[in-house]
Number of protein chains: 2
Amino acid sequence: MPTADPAPRRRMRADARRNHDRLLAEAAAVFAEQGVEASLEAVARRAGVANGTLYSHFPTRQALLEALLANGMWVLADTARDLAGHLSAHEALTTWARAAMAHTTRYRGLATSLLRSVEDETSELHAACQEVLGAGERLLTRAQAAGTVRADATAADLYSLINAAAWAGEQTSPAQGERLLSFCIDGLRP
Amino acid sequence: MPTADPAPRRRMRADARRNHDRLLAEAAAVFAEQGVEASLEAVARRAGVANGTLYSHFPTRQALLEALLANGMWVLADTARDLAGHLSAHEALTTWARAAMAHTTRYRGLATSLLRSVEDETSELHAACQEVLGAGERLLTRAQAAGTVRADATAADLYSLINAAAWAGEQTSPAQGERLLSFCIDGLRP
DNA sequence: ACCTGAACACCGTTCAAGT
DNA sequence: ACCTGAACACCGTTCAAGT
């Protein structure tokens, strides 16, 4: 029961809808090439619209990211529920953590936005980040009940370590990022 | 036996020396306030010199950071040697890791520069980062010999986790950063 | 030997004017 | 209802001209 509707899908003029979609598509391409700090001016240019049009559709960079990522983040939360049904508490946790990290490495610089936004209520990404945090928390609690994770670990710890490993992977190599994630998760054991 | 002299301390015109020192002092202040991505134009302005003067003394942002940090990083490497003399292998490692993380949190954004620079030979910070990496490696090897750290952990792992924890602390809270460091170090146990 | 400041090519963000 | 594009205030970096 999300309180915000995903997008006012219908009540939009045809040209507005076209611009909206075009902007999202080009933003995805530009962010994939240059990371989430890429020039928004370049996004507008590639979408063939004036810079003001971009800002009227997506008032902030975070709003653009939210539109690109919210869906994937809901899927991630659903994945947590699925894994909880199919795997042991600890395997579900580690498998999901890897999936969450993979999502975070989608664009360079994303880990920074996602970690900041989980605590920043003014961020358009905040709700989606909280969703992911909550999904992780359920898997964490389950693993704690099973005795495979220390009792003092928190959802914020799990969320932080996933993002930190993703970030380290960005700066060095994906393999190094995954090694870090493994170490951190091992460090959660009692 | 460092091969690069710290700075051509003497052969400098008086005005050049003054500008050099003033630029460093203002850079330290501006970075402390705004992080290492702060405007270099602002640094030059506050130092009372033209922007070109800043670039002639410090051709890149990394060069400026190197001048500000290299000394502290050598100290960090020395600290590793001291700790090895006074503490158990594992205590020396954990104590030093905390000191290294504290150094990394000196300016916001620094973790990113320090992790990138350790592998990037073109960075002016590269030598100093390698120094720190090497210091960590000695403590790590000693702990591995003592059997308190798993054999497959590398110096790059240690260096990455210190910087990743510092980064996470920047994005959330120092306390969260320290929790992450603890978990990661625990994860290094056999 | 060093400094200056203009020059160039870029940004993010806002907002009056258009259709 | 939406789009345009100019306007403003800021960058990083280079380099001819000065002293």
Side-chain angles (χ1 to χ4, degrees), chain A residues 7-27 29-31 33-68 107-109 112-113 116 122-125, chain B residues 7-27 29-31 33-68 107-109 112-113 116 122-125:
Chain A
R9 269 246 147 216
R10 265 297 134 199
R11 294 210 179 286
M12 226 177 187
R13 231 165 62 178
D15 57 342
R17 157 109 268 129
R18 262 197 341 147
N19 285 340
H20 177 97
D21 294 349
R22 189 81 196 279
L23 280 164
L24 275 184
E26 294 302 334
V30 171
F31 289 170
E33 287 166 19
Q34 307 177 25
V36 300
E37 298 303 336
S39 156
L40 295 183
E41 193 126 334
V43 171
R45 225 164 21 232
R46 283 175 51 157
V49 302
N51 50 6
T53 302
L54 188 154
Y55 282 94
S56 87
H57 281 279
F58 306 102
T60 69
R61 191 180 295 271
Q62 311 270 356
L64 199 44
L65 279 174
E66 200 273 343
L68 287 172
Y107 306 127
R108 239 180 320 130
T112 304
S113 288
R116 281 206 137 116
T122 71
S123 166
E124 285 92 341
L125 276 165
Chain B
R9 268 246 148 216
R10 266 297 132 199
R11 294 212 179 284
M12 225 181 191
R13 229 166 61 179
D15 57 342
R17 158 108 268 128
R18 261 198 341 146
N19 285 339
H20 176 97
D21 294 348
R22 189 80 197 279
L23 280 165
L24 275 185
E26 294 301 335
V30 171
F31 289 171
E33 287 165 19
Q34 306 176 28
V36 300
E37 299 303 337
S39 155
L40 295 183
E41 193 126 333
V43 171
R45 223 162 25 229
R46 283 176 51 157
V49 302
N51 50 6
T53 302
L54 187 153
Y55 282 94
S56 88
H57 282 278
F58 306 101
T60 68
R61 191 181 294 270
Q62 312 270 357
L64 199 43
L65 278 174
E66 201 275 342
L68 287 172
Y107 304 128
R108 239 179 320 130
T112 304
S113 288
R116 281 207 137 114
T122 72
S123 167
E124 286 92 340
L125 276 165

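Each chain gets a letter, A, B and so on, in the order its sequence line appears, and its residues count up from 1. Since the model is a prediction, treat every value here as computed from it, not as a measurement.
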If pairing means Watson-Crick or G-U wobble with both distances under 3.5 Å, then the partner of dT19(C) is dA1(D)

Spacing of CG belonging to L40(A) relative to CZ belonging to F58(A), to within rounding of 0.5 Å: 11.0 Å

Considering only side-chain heavy atoms of L40(B), which listed nucleotide, dG12(C), dT13(D), dC2(D), is closest? dT13(D)

Give the rounded distance in Å between these two atoms: CG of L54(A) and C1' of dT14(C). 14 Å

Among dC2(D), dG5(C), dT13(D), find the nucleotide with the atom closest to the side chain of A50(B). dG5(C)

Keeping the roles fixed (side chain from R108(A), backbone from E33(A)), state whether a donor-acceptor pair exists under 3.5 Å. yes

Does a side-chain N or O of H57(A) approach OP1 or OP2 of dC3(D) to a distance below 4.0 Å, or not? yes

Send over the distance from E41(B) CD to dG5(C) C1', rounded to a whole Å. 11 Å

Choosing from dC3(C), dC3(D), dT13(D), which nucleotide comes nearest the side chain of A16(A)? dC3(D)

Picking from dT13(C), dG12(D), dT4(D), which would you name as closest to the side chain of Y55(B)? dG12(D)

Let me know the distance between CG of N19(A) and P of dC3(D), rounded to the nearest Å. 5 Å

Look at all strands and tell whether R45(A) reaches a base, only sugar-phosphate, or nothing, counting heavy atoms closer than 4.0 Å. sugar-phosphate

Test your reading of the model: is there a side-chain donor-acceptor pair from R22(B) to the backbone of R46(B), 3.5 Å cut-off? yes

Can you check the F58(B) CZ to dT14(D) P distance for me, whole Å? 16 Å

Pair partner, dA7(C) [Watson-Crick or wobble, under 3.5 Å]: dT13(D)

For residues V43(B) and L23(B), report the shortest heavy-atom separation together with the two atoms involved. CG1-O, 3.9 Å

R13(A) atom CZ is separated from dT19(C) atom P, nearest whole Å, by 13 Å

Length of the line joining R18(B):CZ and dC2(C):P, which is rounded to integer Å: 14 Å

Spatial distance of atom OG1 (T60(B)) from atom CD (E124(B)) [nearest 0.5 Å]: 3.0 Å

Do N51(A) and dT4(D) share a donor-acceptor pair, side chain to base, under 3.5 Å? no

Counting side-chain heavy atoms from C-beta on, which of dC3(C), dC3(D), dC2(C) comes nearest to M12(B)? dC2(C)

Expressed as a whole number of angstroms, how long is the span from Q62(A):CD to dG12(C):P? 14 Å

Could you tell me how far apart D15(B) (CG) and dT4(C) (C1') are, to the nearest whole angstrom? 12 Å

Answer yes or no: does a side-chain N or O of T53(B) lie under 4.0 Å from OP1 or OP2 of dT4(C)? yes

Looking at every strand, decide which applies to S39(A) at a 4.0 Å heavy-atom threshold: base, sugar-phosphate, or nothing. sugar-phosphate

